[in-house]
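Below: one structure, written as structure tokens.
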Amino acid sequence: MLLLTTILILYQNTGPAGPAAPPSAGLPMGYYVPQQPGAIPLYHPTGGTHPIQYQPGKYPLTSQPAPIMWMPGPAPMPNCPPGLEYLAQLDNIHVLQHLEPLELMTRFETNNRYDIKNNVDQMVYIVTEDTDDFTRNAYRNLRPFVLRVTDCLGREIMTMQRPFRCTCCCFCCPCARQELEVQCPPGVTIGFVAEHWNLCRASYSIQNEKKESAMRVRGPCATYGCGSDSVFEVNSLDGASNIGSIIRKWNGFLSTMGNADHFEIRFPLALDVKMKAMIFGCCFLIDFMYFERPPPRRSSR
């Protein structure tokens, strides 16, 4: 009889398994509360009654990359090539070149990559170079290249092409002067950037699709300024009025250790959007000609 009573008591205490009851107000000692995916976990230490939550930013989740903030897509505009509507709303953009650790360690030239942002750090475009390994490493800053400009949807909205120009000829010969063709959309030429010979400073003309000059760009006498910005002025053909500027920003240590340039481009808000695109393209020809330097050689000692 005593044995039967003991069995009945044990069965009533254990019983069949049922659904888990929610935790009561008095939390047990030491437990983990499951959270939604991506949320910061709460941990209740032994003997505590209030959860301790990690402060945002102090312990970042390294497995989750930082989101890219894109500029809101504008509505299509009449007489505007698709994808250039962004430039119609801007009077200032920043060109930020990626720092490539492989180039610093091995001197192997890789394809350049750039982020194009507005003044509030929103991404506008991504620019990637499309050049083969042999051409990049054989010709370095003199190499012909193709730059592809894509928007937030991954669409290629602009293409910039620099043909190869022989530099063994006389430097004042037209066949030795550099040129950049800008297409928007790809396959439709909207203009050219042509280098002009000048004894002491960089000089370019910005031309339309018929190679008719529309603006001039003049650089400083000392193109590579150590400790200061390098300013390339965009002027009218007669030089009487200033239209905008392409400024290579001095980034201190980053400006000397490798190719990680930062350009700021300024132009009037009401300027024709195709001319804005041409000033944008001129920035890349300037970068390759004057600021695309191979990493310094390591000492053999």
pair [X]-[Y]: side-chain heavy atoms closer than 4.5 Å:
X: Gln161; Y: Leu180; value: no
X: Ser230; Y: Ile247; value: no
X: Pro268; Y: Ile243; value: yes
X: Arg216; Y: Tyr204; value: no
X: Met158; Y: Val182; value: yes
X: Trp70; Y: Gln122; value: no
X: Thr135; Y: Pro144; value: yes
X: Gln207; Y: Met278; value: no

Do [Y] and [X] meet the salt-bridge criterion of a basic N to acidic O distance under 4.0 Å?
X: Glu129; Y: Arg143; result: yes
X: Arg140; Y: Glu109; result: yes
X: Asp261; Y: Arg248; result: yes
X: Glu292; Y: Arg136; result: no

If only atom types and distance count, is the side chain of [X] paired as donor or acceptor with the main-chain N or O of [Y] below 3.5 Å?
X: Asp287; Y: Cys283; answer: no
X: Glu195; Y: Gln178; answer: yes
X: Thr150; Y: Ile126; answer: yes

Going from [atom1] on [X] to [atom2] on [Y], what distance comes out if it is rounded to the nearest 0.5 angstrom?
X: Ser245; Y: Asp229; atom1: OG; atom2: CG; result: 10.0 Å
X: Cys221; Y: Arg201; atom1: SG; atom2: CZ; result: 4.0 Å
X: Ile93; Y: Ile265; atom1: CD1; atom2: CD1; result: 4.0 Å

Inset, instruction - Step by step, work out the side-chain hydrogen bond (donor to acceptor under 3.5 Å, both in side chains) result for Thr189 and Glu181. - result: CA-CA 7 Å; Thr189 301; Glu181 179 183 356; 2.5 Å; yes
Examine [X] and [Y] and state if one hydrophobic cluster contains both, with Ile, Leu, Val, Met, Phe, Trp and Tyr joined whenever side-chain heavy atoms are less than 4.5 Å apart.
X: Phe145; Y: Phe192; value: no
X: Leu90; Y: Val234; value: yes
X: Phe263; Y: Tyr290; value: yes

Inset, instruction - Please report the C-alpha distance between Gln183 and Glu209 in whole Å, then the side-chain angles of each, then the deciding distance to 0.1 Å, and finally whether the side chain to side chain contact (heavy atoms under 4.5 Å, CB included) criterion is met. - result: CA-CA 9 Å; Gln183 300 176 359; Glu209 67 278 7; over 6 Å; no
Legend entry - Full working for ring pair (Phe, Tyr, Trp, His ring centres under 6.0 Å) between Phe267 and Phe280: CA-CA 10 Å; Phe267 34 59; Phe280 176 59; 8.7 Å; no
Legend entry - Aromatic centroids of Tyr114 and Phe284 separated by under 6.0 Å: yes
Legend entry - Exercise: do Arg113 and Gln97 side chains pair donor with acceptor under 3.5 Å: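 Their side chains do not contain a donor-acceptor pair, so the 3.5 Å distance test is not met.
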Inset, instruction - Start with the C-alpha distance between Leu147 and Thr159, add both sets of side-chain angles, then the distance that settles side chain to side chain contact (heavy atoms under 4.5 Å, CB included), and finish with yes or no. - result: CA-CA 6 Å; Leu147 296 179; Thr159 301; over 6 Å; no
Legend entry - Under the side-chain hydrogen bond (donor to acceptor under 3.5 Å, both in side chains) test, residues paired with Asn92 that sit two or more places apart: His94, Glu264
Legend entry - Atom CG of Asn79: over 12 foreign heavy atoms under 6.0 Å: no
Inset, instruction - Under the side chain to side chain contact (heavy atoms under 4.5 Å, CB included) rule, what do Thr131 and Tyr139 come out as? Steps first, then yes or no, please. - result: CA-CA 11 Å; Thr131 310; Tyr139 297 101; over 6 Å; no
Legend entry - Summary of side-chain hydrogen bond (donor to acceptor under 3.5 Å, both in side chains) pairs that have at least one residue in residues 270-284, sequence neighbours excluded: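 For residues 270-284: none.
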Legend entry - salt bridge (Lys or Arg N to Asp or Glu O under 4.0 Å) involving Arg148 - partner list, sequence neighbours excluded: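 In terms of salt bridge (Lys or Arg N to Asp or Glu O under 4.0 Å), with neighbours along the sequence ignored, Arg148 is linked to Asp130, Glu156.
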